[in-house]
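Report on the following structure.
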Amino acid sequence: MKTQFIPIDYDYFDFQGRNYIKIIGRNEQGKRVCVIDECDVYFWAVLKDKISQDNIKKIIKRILKIKLDVKGRKTKVEKVELHDKNFLSKPVKALKIFATNYKDLHDIASQIDMKEIEKRRGYDLGFITHYIIEKNLIPLNNYEIEGELLNNSTEFGGIDMALDVDFCIKLKSHKNIDKISKQVHSNSTSPGRMVGGGGGTNELASNKLFIPKILAYDIETDEFQIGKGEILMISLVGENFKKVITWKKPKGKDDNNPMNKTSKTIGVGQDLGGHQASYVEIVEDEAELLEKFVEYVKTLSPDFLVGYFSDGFDLPYLKARAEKNRVKLSLGLDGSQPRFSKGIMLTGKINGIVHIDLLKFIRTAYSQYMQSETLSLNEVSKEFLNDTKKEFQFKHSSKITHDEWENYFEYSLHDSILTYKLFEKFWPDMFEFTRVMQEPIFDVSRNGMSTNVEDYIIHNLNRFNEIPEKRPTHEEISSRRNQERFEGAFVFEPTPGIYENIAMFDFTSSYGSVIVTYNLSKSTYLEKPSKENYNIEALNKKVYFSKKPGFFPEMLKEIIMLRKKFKKELKSSKPDNETILKARSNAFKLLANASYGYQGFFGARYYCLEAAAATAAFARKSIQDAIKEIDKSGFKTIYSDTDSIVFLINKKTKSQTLEFLKNLNQKLPGIMELELEDFFKRGIWVTTRGGTTGAKKKYALINEKGKVKIRGFETVRRDWCNLARETQNKVLRMILEEGSYKESLKYVKEIAKKLRKREIDKKYLIIKTQLKRPIDEYKANTPHILIAKKMLKKEMPVSMGTLIEYFITESKNKKALVRDRAMLPTEPGEYDIKYYLEHQIIPSVENIFQVFDINISEELAESKQKRLEF
DNA sequence: GAAGTGGATATACC
DNA sequence: ACTGGTATATCCACTTC
């Protein structure tokens, strides 16, 4: 049979000793399709130089004899071929060694240790990755497939019968129709449709967006620890679907309300006591709750089951309670239960339905760019959806009253609604990331940037006829980690002061452009200089790179082009789309920048410290050269960090500045390019605390539209209390807007006065510090660690990553340390006026007023008399 | 006992 | 363990005079 097909979830199984891939996807009619396929299984043995043909034949003969019997599985070498390949961009002769089972490649490779063989490679990719490369059946691409329909077939042990899919097809052929198909407009709500605009010349960029069927979920429990308490309710949200399943019967004022005893007969949406919302469905007990949940997932049959922090909480909790209740959590299309990866970081996998933990994708793709101080569902929703969680005061289920239950249901439902909407927002990027990285979305949505970079490389090696490099061994990793650190970015020391008429330029994808321009990578690194090369001083030596384009820089070029496209889209977008487009453009910028980090990352297959160090060195040189040009042309540089330059345009006009930029760009090498970030009306730089030199990474700017950009100041740091942050923010804004300190001084005096009169609400005085590791791994005893320990004693949820909140109280003991005066927000105690004045308010504005020669401590002194006495 | 210093820690910038 | 280096700033333990 023939059908269109979009691969979504990948899995594999063994049948009669061989590996088979099982791909779950959709077709255009929204039918769920399972594709079974196989591929050649092989690895590479790279031969040493100048091995005679005879010798090669002998080696092949010996290899062909290899047989293995591991764990009752018989594997043998089935075929050996000689190929001309590249390894790290160098032409090599290599043997392609075919075997029965992918899992045995490592063992076979270990047996091939003849002296003529230089290296063994390509056995550590994972079968799914290997399959995708081998057959070119890429996740979330659009295919036309042809194959044999398995219908109650005994093939593969009757796999099609156990699978809840519309078609199960043994693949014969497939054709990618993404690139040639025209865009499809559809109002259909069935999954599997593709929508979106065409255009764009880059092949990587999708011209259609696949719209999956999604189901967001969220659970509410009595305890935070996995499986410790009972699950009270589960909320589910899909397209035109809202449901809260619970076994807690809201009790009315009359506890003997007969309605409470008829739970089993209460149907969906039935009214209960005149208050029951229609989306609430009441079941008998926790076991039935779990069964009902499984039933809904089966009926709705989504492509994605989406949660928020669900790898770490919801799914493992469900599993634990299912075990306790002896309910089978058979969510998988094959009836299997969720599987969890071992290790510290849990990941929950469901066969055939992709379980997505949104938090993970947000962390890698957006968090660096976001304004939110935590990645809580509430804050992230606020930033991207302009919506928040519903109010609900947690208490144990036994203490919840009737009306409160109603609120609780609504609260839970709304969490799922937010999760659903967030998924919709991020889906285009997840889609794009998956297609670029070419790995299953289950992994791409969880992986960090370094893994993304590596996936991208691995899946593009064939274009360069390259044999993949292996993962580093533990020994290699530890030796890499002990490597001396290399010199990084250049940061210009600013002169403290307030400036006017400012422009900012920055290099687009700075490090990425450097890598591309100077061809910096493991495979282009030259131990000895060749005639034609790029070279620079790095790692206390001169390092050389070939001018013949390497695969890594070539690939990176594509990422940079894609990013440029997104950035262009952003510029011509409507304001209501801005947040997400900005995030997207930024996500690809991060990906491009991660390539630099990748080459210096100890876990990387293509680790090359020389390339990483040279990248930083070339980048330093680029920016310093640009600064020279700028200063030479009638401007004056006042600040610069890594890839941006801030300068005074002096008497020049904006158009002269832009003209200058154009000319400057023409002189830049390769794909290096500067762009205008913005023009600014005014800006301020301050000294370091207690010093006289200008502080780096700390400044505030205001553009002509009055938009303020604040970097590094306490205003943007979450480990300062809100009073200090807001005071500083106000002061900076007033000064930037007016160019004078007068008003802001009055303002600070007002705040100090209120603080002294104890008129400041405690909530503005809370200091928040994150617990970055398990509590007993700390050597120091800081306020937040002490508070965390106190919280543990009170059985409050504290773990790695928790944001610890506290405030500083007064103490009779004058020598009491800050940590001894730190109290939980819920604890009684008067705030310490002196502490907040001297350790929060004054430090936050001191350096700013110093720019105007104002000593804020003196200005805020309790009595001016004191000053006069001197 | 005040002052200075350095380690541990957190957070931001790019 | 799950990109990199640069930089500021706090609190606290310790040393020094």
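Predicted model, so just to flag it, every value in this text is computed and none were measured. Per chain, numbering begins at 1; letters A, B, ... match sequence-line order.
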At under 4.0 Å between heavy atoms, what does N781(A) touch on the DNA or RNA strands: base, sugar-phosphate, or nothing?
sugar-phosphate
Does F486(A) reach a base, just sugar-phosphate, or nothing at all? Heavy atoms under 4.0 Å.
sugar-phosphate
Please determine which of T129(A), N447(A), N452(A), T434(A) meets the side chain to side chain donor-acceptor pair (under 3.5 Å) test together with E439(A).
T129(A)
What nucleotide, of dT11(B), dA7(C), dA9(C), holds the atom closest to the side chain of V491(A)?
dA7(C)
Can you check the L609(A) CG to dG5(C) P distance for me, whole Å?
9 Å
Report yes or no: is the cationic atom of R773(A) (NZ for Lys, CZ for Arg) closer than 6.0 Å to the six-membered ring centre of Y778(A), at no more than 45° off its axis?
yes
Find the distance Y596(A):OH to dG5(C):P and express it as a whole number of Å.
7 Å
Could you tell me whether K522(A) sits above the aromatic face of F552(A), with NZ or CZ closer than 6.0 angstrom to the six-membered ring centre and within 45 degrees of the axis?
no
Among dG4(C), dC11(C), dC14(B), find the nucleotide with the atom closest to the side chain of H839(A).
dC11(C)
Protein-nucleotide distance (Y607(A), atom OH; dG4(C), atom P), rounded to Å:
10 Å
Atom-to-atom span, CD1 of I804(A) to P of dT9(B) - whole angstrom:
15 Å
Taking the side chain of W720(A) as heavy atoms from C-beta outward, which of dC11(C), dA9(C), dG4(C) is closest to it?
dA9(C)
Which of dA12(B), dA13(C), dA8(B) is nearest the side chain of K697(A)? It is dA12(B)
Nearest to side-chain heavy atoms of K698(A), which nucleotide of dT9(B), dC2(C), dA9(C)
dA9(C)
Base, sugar-phosphate alone, or nothing: which one does G597(A) contact when heavy atoms must sit under 4.0 Å apart?
base
Just how far, in rounded Å, is C1' of dA7(C) from CZ of F492(A)?
16 Å
Measure from the side-chain heavy atoms of K772(A) and tell me the nearest of dA9(C), dT3(C), dA10(B).
dA10(B)
Please determine if a side-chain N or O atom of R711(A) lies less than 4.0 Å away from the OP1 or OP2 oxygen of dA7(C).
no
Distance, rounded to the nearest Å, where I775(A) contributes CD1 and dT9(B) contributes P
12 Å
So what does R717(A) touch, heavy atoms closer than 4.0 Å: a base, only the sugar-phosphate, or nothing?
base
At 4.0 Å (heavy atoms only), tell me whether Y699(A) reaches a base, stays on the sugar-phosphate, or touches nothing.
sugar-phosphate
Which nucleotide in the list dC12(C), dT3(C), dT9(B) gets nearest to the side chain of R819(A)?
dC12(C)
Of the non-hydrogen atoms in S513(A) and I560(A), which two are nearest, and what is the gap between them?
N-CD1, 3.7 Å
Which part of the nucleic acid, if any, lies within reach of T769(A) when heavy atoms closer than 4.0 Å are counted: base, sugar-phosphate only, or nothing?
sugar-phosphate
How is Y778(A) classified with respect to the nucleic acid when contacts are heavy atoms under 4.0 Å: base, sugar-phosphate, or nothing?
sugar-phosphate
Looking at dT8(C), dT10(C), dC14(B), which one has an atom nearest to any side-chain atom of A695(A)?
dT8(C)
Is the NZ or CZ atom of R620(A) positioned over F490(A)'s six-membered ring, under 6.0 angstrom from the centre and within 45° of the axis?
no
In terms of side-chain heavy atoms of R485(A), which of dC11(C), dG4(C), dT6(C) is nearest?
dT6(C)
Starting from the C-alpha separation in whole Å, work towards a yes-or-no answer on side-chain hydrogen bond (donor to acceptor under 3.5 Å, both in side chains) for D643(A) and Y511(A).
CA-CA 8 Å; D643(A) 60 357; Y511(A) 283 127; over 6 Å; no
Is the phosphate of dC14(B), meaning OP1 or OP2, less than 4.0 Å from a side-chain N or O of T642(A)?
no
At under 4.0 Å between heavy atoms, what does R773(A) touch on the DNA or RNA strands: base, sugar-phosphate, or nothing?
sugar-phosphate
Rounded distance in Å - CD (E838(A)) to P (dT10(C))
13 Å
So, for C721(A) and I767(A), which heavy atoms are closest and what is the spacing to 0.1 Å?
CB-CG1, 4.0 Å
Reckon Y806(A) touches a base, only the sugar-phosphate, or nothing at all at heavy-atom distances under 4.0 Å?
nothing
How long is the line joining CD1 of I808(A) and P of dC11(C), in whole Å?
8 Å
Starting the side chain at C-beta, find the nucleotide from dC12(C), dA12(B), dG4(C) nearest to R718(A).
dA12(B)
Please work out if G603(A) contacts a base, only the sugar-phosphate, or nothing of the nucleic acid, heavy-atom cut-off 4.0 Å.
nothing
Checking all strands, does A594(A) fall into the base, sugar-phosphate, or nothing category for heavy-atom contacts under 4.0 angstrom?
base
For dT3(C), does the base pair up with any side-chain atom of Q368(A) as donor and acceptor (N or O, under 3.5 Å, distance only)?
yes
